[in-house]
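What's counted below: heavy atoms across the whole structure, side chains too, no hydrogens, waters or symmetry copies.
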Amino acid sequence: MLNVLTQVPPALLDARPQDLADVLGGPTLFHLTGAREPALFVSVLLHGDETTGFEAIQRILRATRRDDGAFALPRSLSLFIGNVAAAKHSVRRLPSQPDYNRVWSGDVFGDCPEKRMMQDITATMKTRGVFASIDIHNNTGRNPHYGCINHPRPEFLALAGMFSPTAVFFRRPAEVQSMAFADFCVAVTVECGQARERNAVDHAERYLMACLALDALPQPAPDALNSISLFHTVAVVKVPRTAEIAVAPARADLAFNPQLEDTNFQVVPSGSVFASTGTGKRVDLEVTDDAGRDVGARYFGWVGDELRLKQDVIPSMLTTDEQAIRQDCLCYIMERYPLAR
């Protein structure tokens, strides 16, 4: 199901994300030659409604295109454009599809064509050699722009720090693109806020151009590390499939506090109301730590009809969008991660 191309169809340069299924016909891996080797690997549209990465790459290709149709890139670029079928409908994924960022390893979605495709891409890039890997995403909820790493090593921190002074170290979910590539190159994920944010594409474009222009991977100075706020994801919070959800004051099994999205990357104090029930059902959230243990009772408890926090938490990717909650999660819980000096 994977197209592999060494030239860019002219129509791609002005296409909307919704047009890519027709322009490309399916997920496509481009190998474009630049002035330096090995190539920078960039993945975009693993989620079809997260368009910032594609729009940033599109700008770069337009700006560097030569008269002969090739591109004056400072470094070779291997570009993977992922879920174009979902992008056609402006959704994260279609109901019939697995999540394109949960099939790079593991068995969350079993043995499927998408998983085999990601394994082929990983094997191909490992053989070809990779300068670094950048996976570009948007958030559903309101979050600052931040980088994600799967190893808290200086070289990973330095590449993430080029994007933002805020970074998140995580090990779960383990089936993501960056985790697969981190076994053989420096790999980061960059979260560019919401897809329609005014400066999201500008920020992603500047970052990608800066990475393409590097002669070598950045070596972090102590002062640079001191400026990075590093968090560690310690648990993921999901909603049971059978639970009715809404945003208060609407009635549902779980009616979420409408101000929740404003608390991402902030300390939410113990006792804060996370949700309430308008049906009388006390539905518990599914909270799983990095070891796969149920730790819901550590963080949440019902007080009457209100679901309250039992300790201070720092959430990320917290959203009240029902589709995002159903297809992914409600949020992640983080703690600050001390950097070795």
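For Phe231 and Phe169, the ring centers are positioned 6.0 Å apart or more.
A salt bridge is defined here as a Lys NZ or Arg NE, NH1 or NH2 lying under 4.0 Å from an Asp or Glu carboxylate O, and Arg282 with Asp305 fails to meet this definition. A salt bridge between Lys238 and Asp328 is absent, with no side-chain N of the basic residue lying under 4.0 Å from a carboxylate O of the acidic one. Salt bridge status for Asp111 with Arg116: present, with a side-chain N to carboxylate O gap under 4.0 Å. For Asp19 and Lys88, the salt-bridge test fails: no basic side-chain N is under 4.0 Å from an acidic carboxylate O.
Between Gln177 and Thr189, the side chains place no donor N or O within less than 3.5 Å of an acceptor N or O (distance only, hydrogens not considered). Side-chain N/O atoms of Thr140 and Gln194 include no donor and acceptor closer than 3.5 Å. When only modelled atom types and interatomic distance are considered, His31 and Ser78 share a side-chain donor-acceptor pair under 3.5 Å. Using a 3.5 Å distance cut-off with no hydrogens or angles, the side chains of Gln18 and Ser90 do pair a donor with an acceptor. For the residue pair Ser276 / Glu306, no side-chain donor-acceptor distance below 3.5 Å is found, with atom types taken as modelled. When only modelled atom types and interatomic distance are considered, Gln327 and Asp99 share no side-chain donor-acceptor pair under 3.5 Å.
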side-chain hydrogen bond (donor to acceptor under 3.5 Å, both in side chains) evaluation trace for Asn83 with Gln97: CA-CA 9 Å; Asn83 198 341; Gln97 294 179 315; 2.9 Å; yes

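Figure legend: Arg308 and Phe300 shown without cation-pi pairing, the cationic atom not lying both under 6.0 angstrom from the six-membered ring centre and within 45 degrees of its axis.
Going from atom CG of Leu29 over to atom CZ of Phe41 covers 6.0 Å, rounded to the nearest 0.5 Å. Note that OG of Ser272 and CG of Leu307 are 11.5 Å apart. Values are rounded to the nearest 0.5 Å.
Relative orientation of the Phe80 and Trp104 rings is perpendicular, given thresholds of 30° and 60° on the angle between their planes. Taking the six-membered ring for Trp and thresholds of 30 and 60 degrees, His145 and Phe163 have nearly parallel ring planes, at less than 30 degrees apart.
Of the possible polar contacts, one joining the Lys310 side chain to the Ala297 backbone as a donor-acceptor pair under 3.5 Å is found. Although no hydrogens or angles enter the test, the distance criterion places no donor-acceptor pair under 3.5 Å between the side chain of Asp135 and the main chain of Val188. In terms of modelled atom types and a separation under 3.5 Å, the side chain of Asp289 and the main chain of Arg293 share a donor-acceptor contact. Side-chain atoms of Glu175 do not come within 3.5 Å of backbone N or O of Val103 as any donor-acceptor pair.
Annotation: Gln7, atom CD; neighbour count of heavy atoms from other residues, nucleotides and ligands within 6.0 Å does not exceed 12.
For the salt bridge (Lys or Arg N to Asp or Glu O under 4.0 Å) condition, the pairs that include at least one residue of residues 39-51, sequence neighbours left out, are Glu50-Arg92.
Residues Thr28 and Leu2 are not in side-chain contact: their nearest non-hydrogen atoms beyond the backbone lie 4.5 Å or more apart.
Qualifying side-chain contact (heavy atoms from CB on, under 4.5 Å) partners for Val201, counting only residues two or more places apart in sequence or in other chains: Thr52, Glu55, Ala56, Arg59.
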